[in-house]
Amino acid sequence: MLAYRLHTRVGSRCRSVRQAAPVQVRPSARKLFVLNVATLQRSDNTLNNIMSAHSLTTALSTGEDFRISANIETAHIPAGLRKDCLLFYTPDTEELAQKVAIQAGGAISLGRIKWKKFADGFPDLFVENATSIRNRHVAFLASFTNPTVIFEQISVIYALPRLFVSSFTLVLPFFPTGTMERVETEGDIATANTLARLLSNVPPSRGGPTSLVIFDIHALQERFYFGDAVLPLFESGVPLLLERLRQLPDKESITIAYPDEGAWKRFHYQFKSEGYPEVICTKVRDGSKRIVRLKEGEPKDRHVVIVDDLVQSGGTLIECHALLATLGAKHVSAFVTHGVFPNMSWVKFRADLGSGAQDGFRYFWLTDSCPQTVRDVRNKAPFEVLSLAGPIAAALQI
């Protein structure tokens, strides 16, 4: 009987479709809408609220485009879905963890782990009050900027979900092997894939797979390196930069620059809503050297802000600065989410204290994803730290 009814209904519907007059659909101009997909918080009501707030209902029904633009915002999370979280941390991330707890306004409390070593150098670890965290939403703020600490942190990361916690979130602001994400010559080892596989084997908690929060991973395709046992959430430091740019006295003269086409592809859509002019640089080979050239845009008399995901030695940013200053930029600043700066390479960046671009960088913004760098550059011009505490606090409440 059920099969007959289904057949009858489907047949009836098919007949009605055949009898309907053909409809001609005129293609409309496609518009770009920006949306943080991560804010679609496990709730139809939340989805409806966000769509309404961003006027996206029409866009989705007509097939127009939208993209990820901003991070999770606590205001977009219904009060009934926000989680009280217990956040553990490493000695390296203690300062950031304390800022996260303050930003959360009481929704996040801090847990404690004793970090010791045995005589042979291997870690001696202890989670305090382990039985009291049962049925709690638990998170761990990691820092893999030094490979010597990865093993001890992985030991904690694997242990916490097994303590009968309600859910587990791993916050790894900087994914350190992201720049080694592909094999160009047989024999190369893509350590980005290795680290992703390591994190993909974190045990599930009582609530399901581990959530993994990463900021500005070097290559977006690296998301496919993670297995189904973790749920990666990719956030960005760029919204922090946008907020800071709105506070500048010369905000009307800002131009956004990209050191290469890859950076433009990665970040340009996050600046569309602000309407900033753009400058795109490119790298060309001159014999054995790679030289930065201007590909398009006009930096003359502008405050040009170079945007990239990370900095290591800083050579490319310094070359971009020199080029833009030569082309008449009034001031040159830079932003990177991850200031790695191995071997204290940050000392090469001179400050423009108001005299102009020829003297150095007006501002060099970076986040606190690399704790040692934050300690090194604190109160040193041109560096200014934009904290990830707010975005992390919001991500931990979903």
Can you list, pair by pair, the side-chain donor-acceptor contacts under 3.5 Å of residues 153-172, counting residues two or more places apart and other chains?
unit_1: Q153; atom_1: OE1; unit_2: S143; atom_2: N; d: 3.0
unit_1: Q153; atom_1: NE2; unit_2: S143; atom_2: O; d: 2.7
unit_1: S155; atom_1: OG; unit_2: F151; atom_2: O; d: 2.9
unit_1: Y158; atom_1: OH; unit_2: L198; atom_2: O; d: 2.7
unit_1: S167; atom_1: OG; unit_2: K83; atom_2: NZ; d: 3.3
unit_1: S167; atom_1: OG; unit_2: H137; atom_2: ND1; d: 2.7

Do any side-chain atoms of residues 315-325 form donor-acceptor pairs under 3.5 angstrom with protein atoms, and if so which ones, sequence neighbours left out?
unit_1: T316; atom_1: OG1; unit_2: K283; atom_2: NZ; d: 3.3
unit_1: H321; atom_1: NE2; unit_2: A357; atom_2: O; d: 2.9
unit_1: H321; atom_1: NE2; unit_2: G360; atom_2: O; d: 3.0

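Outside the 6.0 Å centre-distance limit, the rings of F140 and F88 are not counted as a close aromatic pair. Centroid-to-centroid, the aromatic rings of F175 and Y225 stay 6.0 Å apart or farther.
Side chain of T90 to backbone of T93: a donor-acceptor contact under 3.5 angstrom is found. A side-chain donor-acceptor contact under 3.5 Å links E298 to the backbone of K300.
Residue pairs meeting the salt bridge (charged side-chain N to carboxylate O under 4.0 Å, His left out) criterion with at least one partner in residues 89-116, sequence neighbours excluded, are D92-R375, E95-K99, E95-R378, R112-E128. Among residues at least two apart or in separate chains, there is no salt bridge (charged side-chain N to carboxylate O under 4.0 Å, His left out) pair with a member in residues 354-364. Pairs engaging residues 208-219 under the salt bridge (charged side-chain N to carboxylate O under 4.0 Å, His left out) rule: D216-R266 [sequence neighbours left out].
Not a single side-chain contact (heavy atoms from CB on, under 4.5 Å) links I102 to another residue, sequence neighbours left out. Take P91 and apply the side-chain contact (heavy atoms from CB on, under 4.5 Å) test, not counting sequence neighbours, and it matches W115. With sequence neighbours left out, the side-chain contact (heavy atoms from CB on, under 4.5 Å) criterion links E243 to R246, Q247. In this view, T210 satisfies the side-chain hydrogen bond (donor to acceptor under 3.5 Å, both in side chains) rule with no residue, not counting sequence neighbours.
In summary, R182 and E184 engage in a salt bridge, as defined by a charged side-chain N under 4.0 Å from a carboxylate O.
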- [ ] May I have the step-by-step check of side chain to side chain donor-acceptor pair (under 3.5 Å) for Q312 and S345, ending in yes or no?
- [x] CA-CA 8 Å; Q312 295 266 5; S345 55; over 6 Å; no
- [ ] Begin from the C-alpha positions of H338 and T367 and carry the test side chain to side chain donor-acceptor pair (under 3.5 Å) through to its verdict.
- [x] CA-CA 6 Å; H338 311 296; T367 75; 4.8 Å; no
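Cluster partners of F118: none. The rule joins Ile, Leu, Val, Met, Phe, Trp and Tyr whenever side-chain heavy atoms lie under 4.5 Å apart, and it links nothing here. Grouped with V183 in a hydrophobic cluster is no other residue, since no side-chain heavy-atom contact under 4.5 Å to another Ile, Leu, Val, Met, Phe, Trp or Tyr is found. Cluster partners of V284, using a side-chain heavy-atom cutoff of under 4.5 Å among ILVMFWY residues and allowing indirect links, are I291.
Residues Q372 and T145 have side chains that never bring a donor and an acceptor to within less than 3.5 angstrom of each other. For the residue pair H218 and T179, no side-chain donor N or O sits within less than 3.5 Å of a side-chain acceptor on the partner.
Between the CD1 atom in I108 and the CD atom in Q98 there is a gap of 13.5 Å [rounded to 0.5 Å]. N379 contributes atom CG, which lies 11.0 Å from atom CD of E384 (distance to the nearest 0.5 angstrom).
The minimum heavy-atom distance linking P173 with A142 is given by the pair CD-O, 3.5 Å.
Side-chain contact between Y363 and P382: absent, with no pair of heavy atoms (C-beta onward) separated by less than 4.5 Å. L231 places none of its side-chain heavy atoms less than 4.5 Å from the side chain of L212. Two residues are said to be in side-chain contact when any heavy atoms from C-beta on lie closer than 4.5 Å; L96 and Y89 fail this criterion. Counting heavy atoms from C-beta on, the side chains of Q397 and C85 never come closer than 4.5 Å. In this structure, Y276 and L245 have side chains that are in contact, with non-hydrogen atoms separated by less than 4.5 Å. Side chains of I256 and I254 form a contact here, defined as non-hydrogen atoms less than 4.5 Å apart. Using a 4.5 Å heavy-atom cutoff, the side chains of L87 and S109 are not in contact.
The aromatic rings of F271 and Y258 lie perpendicular to each other, with more than 60° between the two planes, well past the 30° mark. Using cut-offs of 30° and 60° for the angle between ring planes, the F341 and F383 rings count as perpendicular.
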